[in-house]
Amino acid sequence: MAKKVARAAVAASSRWTDPDGIRMPAGEVHAWERGTNQTVCGLPLSRAELQRFPHVDWQDVQPATGRHADEVGRVCPRCAAGMGARRDERPWTRRDPRP
Ligand SMILES: [Zn+2]
C-alpha cells in the first residue's frame, strides 16, 4: 500500500525548455517524491528512463489546472490516484454508466 504523499514533484518521460530556460516536463508525467528513486506508482526512475523535475510541483502539471502542463501528454493514473486526486477534478474518468 502506497503511503500518503502530501506534496510531490514530477518525473517525466521527456522534457522541454520554457522561454526562461527552465526545464519543464513533457510526455508522460508521474508524481515523484523528492529524495526517492522511484515514482509514487512504484516505477524506478533510472530503469524507466524518467527525468526528475524537483522544481516542478505535481499540481502544476495537471492538464485541467496546472500552469506547466502545456507539453504533458499523459498523466499516470496510478500516480494521480496515489496523490489523491480531488473529487471535483476527474479529467481521466471514463464515463461508463451501469445500472
Ligand atoms: Zn506513475
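When a ligand or atom number is given, it counts from 1 through the structure's own listing order.
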Within a strict 4.5 Å, meaning less than it, do heavy atoms of the Val10 and Asp57 side chains meet?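 With C-beta onward as the side chain, the pair stays apart.
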Side-chain contact test, heavy atoms from C-beta onward, threshold under 4.5 Å: evaluate it for Met83 versus Val40 and give yes or no.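 Result yes, sub-4.5 Å side-chain heavy-atom pair found.
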Closest heavy-atom pair and its distance - Cys79, Ala31: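 Looking at all heavy atoms of both residues, the closest pair is SG-N, 3.4 Å.
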Pull up every protein N/O/S atom sitting under 2.8 Å from the Zn ion (ligand 1), skipping waters.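 Near the Zn ion (ligand 1), the protein supplies His30 ND1, Cys41 SG, Cys76 SG, Cys79 SG.
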Can Arg15 be said to sit on top of Phe53's aromatic six-ring, NZ or CZ under 6.0 Å from centre and within 45° of the ring axis?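 No cation-pi geometry.
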Determine whether more than 12 heavy atoms belonging to other residues, nucleotides or ligands lie under 6.0 Å from atom CZ of Arg34.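 Yes, because the 6.0 Å sphere around CZ of Arg34 holds more than 12 heavy atoms from other groups.
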May I ask you to check whether over 12 heavy atoms, not counting those of Arg52, lie within 6.0 Å of atom CZ?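 Atom CZ in Arg52 is packed in, count exceeds 12.
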